[in-house]
Amino acid sequence: MFPIKQVYLEPSLETHPSVQRILQGLGHLPRAHIGNLNSLIDELVSCQQDPWKEGKQIILIRSYQGRLVKDCPGTRDHICCGYKIINVMSNCPMDCSYCILQGYLNNPFLTLYPEFEKVFREIEDILERHPHRFFRFGTGELGDSLALDGIVGFSSEAVPFFASKKNGVLELKTKASGVDHLLTLDHKGRTVVSWSLNPSRIIEEDEHMAAQLGERLRAARLCQDVGYPLGFHFDPLIHYPGWEEGYRKTVDLLFEYIDPRRVIWISFGGLRCSPSLKHVAQGRFPHTRIFSGELIPGKDGKLRYVKPIRVEMYQKMVSWLQAYDKDLFIYLCMERDDVWQEVFGWSPKTTGGLNKRFEERIAHFVMEGK
Ligand code: SF4
C-alpha cells in the first residue's frame, strides 16, 4: 500500500457521496479542511526538501475549476492519437523517475476531483453532439488510473456508464496490479484496461512503488479472463545497455500470460522530456541511469533519442511483437510522419488519420465482439 498520511478536504464537498466513500476507504487518516490552497502548496514547496515525494503522501480532495474532460494537448509537429483526458485526479502515489508530472504540475499534492457526475455530464454532451464520431477517453494522463481506484471508486461508476455508449470507450491505464474491483463490473467490452510495460530492470530502478512486471501481467490476465479488451504501452522505451534482451524478454513474457487476439492496441514512445523535467528528475533520483543516453531537442523543445535510435527500437519491437501476431494494432505515441514511414512503411499523416484507424480498430474489435 502507499504511505498516505494526511487528507485535506474542501468543506463544501464533505457530504458528497463519492467523498464519503473515499473517506471511508482512507480509514482513520488525519483530516483537515483546505483553507487557502495556494498557501498550502507554498508551504509544502518551501518547507520540504522533496515536495514531490511529500506531496504524494497527502491527499487533497477538491472541486475542479473548469472542464473536467479535455483534449490531450499532444505536441507540435508530431502525430497525436486524439485522446480525451478525464481529470478525476492529478499526481500519482507511484514515483517513476521519468514521470512527466514532475515537470508539468504546479500542485505536488495527490489531488482528487470527486464530482464524477460532472465528468459523466461532460462526456454525454461530447458523445451526443458528435454521434457519428468515435471517442477514446482515459484517466491515465495526469495520474495512474488504478493505483488508488479501489478507494477513489471512479471505475466502478465509469465502466457501467461506458458499457451503454455507442460512440465512446474508456481506457484505464496503469502500472498497478489491483483489479479485483473491475472483475465483476458489466463492461460490455467498452472499457480497455491497459498496462505500461518495461523490462524488470527499468521497473526496479526507475518505476518506484509500481507493481512488478509479473504482477502487472497477472492482473492483465485476470481482466482478459473476464473479457476486457487489453492495451499495452511500451512508453517510455528506454535505450540502455542490454535493451534488446530486456525488451525481447518482456515481449515474450507478455504473451506467456496474454492471448494476442485480446489485445486491442499496443503503443511505443521513446523516452522524451523537457530539459526542466530532466533537471528535476536527476535532482530527485541522482542514481537513475535513464538519462545517460544521448537526448537531443526536437522542434517542440522536448529531448528525445536521435531518430536512428528511435527507429531501430521501434522496428525491433514491431518484429518481436508481430512474431506472435502479425495483426496486432501498433501505434507510435507523439512521433513524426517520417518516423512512422521508416518503422511501418506508411503513416497516418495526421492526428485525424490516426483517429480514423482507431475508429476502425474499435469497430472491428469491440463493436463486432472480436
Ligand atoms: S505511474 Fe505514471 S503517473 Fe504514476 S509516477 Fe509513474 S509515470 Fe507518473
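Quick note: numbers below take in every heavy atom, side chains included, and nothing from hydrogens, waters or symmetry partners. Whatever order the structure lists ligands and atoms in, that order sets their numbers, starting from 1.
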If you draw a 6.0 Å radius around CZ in R248, do more than 12 non-hydrogen atoms from other residues or ligands fall strictly inside?
-> no

Would you call the rings of H239 and W243 parallel, tilted or perpendicular, where under 30° means parallel and over 60° means perpendicular?
-> tilted

Mind checking whether F154 and L26 sit in one hydrophobic cluster, side chains of I, L, V, M, F, W, Y counted as touching below 4.5 Å?
-> yes

Report yes or no: do D71 and Y83 form a side-chain donor-acceptor pair below 3.5 Å?
-> no

Which protein N, O or S atoms lie under 2.8 Å from atom 6 (Fe) of ligand 1?
-> C96 SG

Honestly curious: do L44 and V7 fall in one hydrophobic cluster under the side-chain, below-4.5 Å linking rule?
-> no

Whether F137 and F162 hold their rings parallel, tilted or perpendicular, with breakpoints at 30° and 60° = tilted

